[in-house]
Each structure stands twice: as C-alpha cells, then as structure tokens.
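All remarks here apply to the structure that follows.
Atoms considered below: every heavy atom in the structure, side chains included; atoms not considered: hydrogens, waters and symmetry mates. Since we're looking at a predicted model, the values are computed, not measured. In the text below, chain A, chain B and the rest are named by the order of the sequence lines, each starting its count at 1.
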Amino acid sequence: MVDVGKLFSILITTILVENFVLVKFLGCCPFLGVSKKTSTALAMGMAVTFVMALASAMTWLVNTYILVPFDLQYLQTIAFILVIAALVQIVEMAIMKLSPPLYASLGIYLPLITTNCAVLGVAILNVQKDYGFIESVVSGIAAALSFTLAIWLFAGVRERLENSKIPSFMKGMPIALVSAGLIAMAFLGFAGMKL
Amino acid sequence: MKAFFKKMIQENPVFVLLLGMCPTLGTSTSVVNGLGMGLSATLVLICSNFFISILRKFIPDKIRIASYIVIIAGFVTAVEMVLKAYLPEISESLGVFIPLIVVNCIILARAESFASKNTPGKSAVDGLCMGLGFTVALVILSAIRELLGNGTLAGVSVLGANYPKAIMMILPPGGFIVLGIVLGVIQAMRTKGGTKHG
C-alpha cells in the first residue's frame with residue numbers, strides 16, 4: 001500500500017525544508033560550476049533528475065535484493081557508486097542513440113553526474129531512512145527537483161551579477177558564494193516546518 | 001620542502017582550484033569535524049594515489065575512471081569502518097559525508113592528473129600535499145565558523161559565556177558566506193601581490 005500523504009511529505013520536505021544543495025550541501029560542485037546561465041542550469045537539472053530517479057530505483061533494488069540477503073552492507077559505498085557510474089554510462093549511450101538533439105543539449109553534463117555527490121547521497125540516505133521502493137524513487141525525484149530549483153535560482157542571480165558593479169576582489173566566485181549564502185538564508189525560513 | 005608548501009598553498013584544492021566544495025561546506029561547522037574530514041580524505045588520497053600509480057600500467061585506458069572509482073571506494077569503505085570502530089562520535093557527526101569522499105572531485109582529479117602519470121612514491125607525496133592543503137582549508141573555515149557561531153574553538157570556550165552566538169555562521173548560509181569572504185580576501189591578497197611584483 002502506498003501512503004500518498006507520506007510521499008507528499010517527502011516531496012515537500014526534500015525540496016523546500018531540507019533542500020539538498022542549500023541546506024544539506026550535497027551537489028555543490030555542479031551547483032557552483034554549471035550555474036553561469038539559467039538555460040544550462042536547467043539542462044543540468046533535467047539531466048540530474050533523470051539519472052537520480054533511475055539511480056534511486058536501481059540502488060534500492062541492489063540493496064534490497066543483493067546486499068541485504070547476502071549480508072554485504074559494508075560494500076554499500078562501492079556497490080552504489082558502481083551502479084551509478086554504469087547507469088550514467090548507459091543513459092548516455094541510450095540518449096545518444098534515441099534522441100540526438102537531447103544528447104546535444106544534455107550530453108556534456110552526463111559524465112559530470114557520476115561525481116555529483118547528490119546522486120550517491122540520496123541513495124545512501126534512502127537506505128538510512130529505510131524507505132521502500134516507491135518512497136525511494138519519490139525521494140530521488142524530489143532531491144533532483146530540489147537541486148534543479150536551487151541551481152536555477154542561483155543561475156538567475158549570477159546572470160544579474162554579471163552586469164552589476166562589484167569590488168574587484170569580490171568578483172567571480174567570492175560574490176557568487178555570498179549570494180548563494182543569501183539564497184540559503186531564504187531557504188532557512190522553511191526550517192522547522194514539519195509535515 | 002619548498003615544492004611541498006607551494007603545492008599545498010598555491011595549488012590549494014579548495015581555495016585555488018575550487019574542488020571538493022560539498023564536504024568543505026558541509027563539514028566545516030566545527031574544528032573537530034573539519035579536521036576529521038580533512039584527515040580522512042588525506043588518508044584516502046594518499047592510499048588511492050599510491051595504488052593507482054602502481055597499477056597505472058595495467059589499467060586499460062578506456063575504463064580507467066571506473067577503475068579509479070573502485071579503488072577509491074575501497075579505501076573509503078576502509079576509512080569508514082575504522083572511524084565507526086574507533087571514533088564513533090566523529091563518524092556520527094560527519095554522517096553521510098564519509099561515504100561521499102568517494103565522489104570528492106579532489107581525489108579523482110589527482111588520480112587522473114597526477115597518479116596516472118607518476119611513480120608511486122611521488123604520487124603518495126602528492127596525495128599528502130593535496131590532502132593537507134584540503135585539511136588546512138577546512139580547519140581555517142571551520143575555525144572561523146565555530147568561533148563566530150559558537151564562541152568556541154575545537155570545543156574550548158574562547159570568547160566567554162556572554163558572547164552572543166551568531167548561530168547563522170554554523171547554519172548552512174554561514175558556510176557559503178564565510179567561504180565567499182575568505183576567497184575574496186585571498187583574491188585581494190593575490191592582486192595586491194601581483195602589482196607589487198609586476
């Protein structure tokens with residue numbers, strides 16, 4: 001039986017209250033690296049959503065049907081990272097064959113996703129929280145959406161920063177990080193909301 | 001020795017190369033956490049650099065990244081188990097960031113750009129330099145955050161009990177803001193030094 005209320009609460013909690021990037025600091029590298037333009041940020045977000053939903057499902061299956069029955073939980077980190085790396089590779093090949101235009105727009109971001117710690121992070125957190133299959137997938141999608149939301153907002157801010165006057169020593173990364181801090185502060189407003 | 005410090009400071013993975021941001025921001029809430037994270041990553045970095053360098057002639061080029069990740073993940077698992085057994089408190093407070101050392105870009109970047117081309121001895125030293133650079137950066141950031149946010153350093157009260165704690169510094173926004181300001185200060189020092197020499 002699927003408890004829709006619980007799924008909804010996972011969705012809202014992961015996207016707003018415990019935003020993966022701005023509250024949990026998972027996926028900061030692409031968040032800081034690929035956020036110069038809103039369009040590329042959105043493309044990256046979409047690629048991540050796709051991979052994270054699949055990865056959550058796959059790692060749940062691997063954990064429940066391979067690691068737990070054979071008492072191999074200590075291999076969790078290795079098993080999960082291999083599943084994710086293989087998955088990213090397969091997704092890349094599939095998109096290349098099935099939809100060249102999509103590949104042209106997402107292709108360069110896919111290899112980067114393997115080292116996006118949010119993907120491995122969500123897989124490990126799903127196990128820690130004892131989620132079932134559907135809950136895991138929903139939490140994966142929610143985590144990816146929270147990443148997309150954060151990177152999209154941040155890219156918007158950075159686009160504005162391009163044209164503003166900034167003291168020379170704060171130009172580039174420093175001012176970007178401080179503005180990320182301000183966005184994170186806004187998200188702190190959701191903290192304490194229990195669903 | 002000079003080259004050692006040069007690598008640690010001028011090629012500092014966090015402040016100069018901007019790699020490994022997630023653990024930097026996530027675990028720099030207190031000096032103990034920062035130090036624990038930095039040293040764990042250093043250990044993994046030395047071991048993985050050493051072994052990747054030994055195996056560099058055997059690993060086929062096409063699957064090298066996957067092989068590196070497996071080697072790194074192996075050492076991360078070992079470190080994770082050691083921490084859980086001997087330092088359960090640190091293991092608890094670092095939480096998910098310990099397994100996430102696997103995807104720390106610093107380690108993969110050093111494997112790809114250094115260990116795959118150099119001898120095991122040199123690679124291990126490179127791992128040590130980079131790891132210590134990472135640790136130094138984490139300790140600086142976490143010291144600022146802990147001092148401002150809690151009035152303590154490594155758990156010892158420094159600013160007294162009456163210090164109005166700026167909890168914001170320990171919370172996530174503080175991480176971004178402190179790192180941004182530290183990077184700004186470094187940028188200012190570099191441009192100043194540049195004009196002096198030029």
If one checks every heavy atom of A:K24 against chain B at 4.5 Å, the contacting part turns out to be backbone
Is B:L171 close to chain A through its backbone or its side chain, or both, or neither, when contacts mean heavy atoms under 4.5 Å? side chain
Applying a strict 4.5 Å limit to non-hydrogen atoms, the region of A:I78 in contact with chain B is both
Does any heavy atom of chain B fall under 4.5 Å from the side chain of A:F187, the backbone, both, or neither of them? neither
Starting from B:F114, can I reach B:M130 by hopping between I/L/V/M/F/W/Y residues whose side chains sit under 4.5 Å apart? no
On a heavy-atom basis, the closest approach of A:F25 and B:P172 is CZ-O, 3.3 Å
Other residues, nucleotides, ligands: >12 heavy atoms within 6.0 Å of A:K37 NZ: no
Are B:Q187 and A:K171 close enough, and set up right, to give a side chain to side chain contact (heavy atoms under 4.5 Å, CB included), and what steps lead you there? CA-CA 9 Å; B:Q187 204 159 308; A:K171 263 195 187 129; 4.3 Å; yes
Just verifying a value: how many Å separate B:I63 CD1 and A:Q89 CD, rounded to the nearest 0.5 Å? 11.0 Å
Is there a path of hydrophobic side-chain contacts, each under 4.5 Å between heavy atoms of I/L/V/M/F/W/Y residues, joining A:I134 to A:I141? yes
Picking from A:I175, A:T77, A:I183, which has the most non-hydrogen pairs under 4.5 angstrom with chain B? A:T77
Are A:V21 and A:V23 connected, step by step, through hydrophobic side chains (Ile, Leu, Val, Met, Phe, Trp, Tyr) whose heavy atoms are closer than 4.5 Å? no
If contact means a heavy atom pair closer than 4.5 Å, which residues of residues 93-110 of chain B contact chain A? B:V96, B:F97, B:P99, B:L100, B:V102, B:V103, B:C105, B:L108
Where is the tightest heavy-atom contact between B:A73 and A:I81, given as atom of each residue plus distance? CB-CG2, 4.1 Å
With hydrophobic residues grouped by side-chain heavy-atom distances under 4.5 Å, do B:I54 and B:Y68 end up in a single group? yes
Of the non-hydrogen atoms in A:G181 and B:P173, which two are nearest, and what is the gap between them? O-CB, 3.4 Å
Sort A:L22 into side chain, backbone, both or neither according to what part of it lies under 4.5 angstrom from a heavy atom of chain B. both
Is the number of heavy atoms from other residues, nucleotides or ligands under 6.0 Å of A:M173 CE greater than 12? yes
If you count the non-hydrogen atoms of other residues, nucleotides and ligands that lie under 6.0 Å from OH in A:Y131, is the total more than 12? yes
Is there any residue in residues 29-41 of chain B with a non-hydrogen atom under 4.5 Å from a non-hydrogen atom of chain A, and which ones are they? none
Note: vs chain B, highest number of non-hydrogen pairs under 4.5 angstrom among A:V178, A:L177, A:L182 is A:L177
So for A:S179, is it side chain, backbone, both, or neither that comes closer than 4.5 Å to the heavy atoms of chain B? neither
Is A:L87 reachable from A:L61 through a run of I, L, V, M, F, W or Y residues, each pair having side-chain heavy atoms under 4.5 Å apart? yes
Using side chain to side chain contact (heavy atoms under 4.5 Å, CB included) as the criterion, list what pairs up with B:M81, not counting sequence neighbours. A:Y74, B:T77
Distance col, row A:L32:CG vs B:L25:CG, nearest 0.5 angstrom, shows 7.0 Å
Are there more than 12 heavy atoms of other residues, nucleotides or ligands under 6.0 Å from atom CD of A:Q128? yes
Of all the heavy-atom pairs spanning A:C28 and B:M21, show the shortest one and how long it is. CB-CB, 3.9 Å
Test of understanding: with salt bridge (charged side-chain N to carboxylate O under 4.0 Å, His left out), list the residues that count as partners of B:E112, not counting sequence neighbours. B:R64
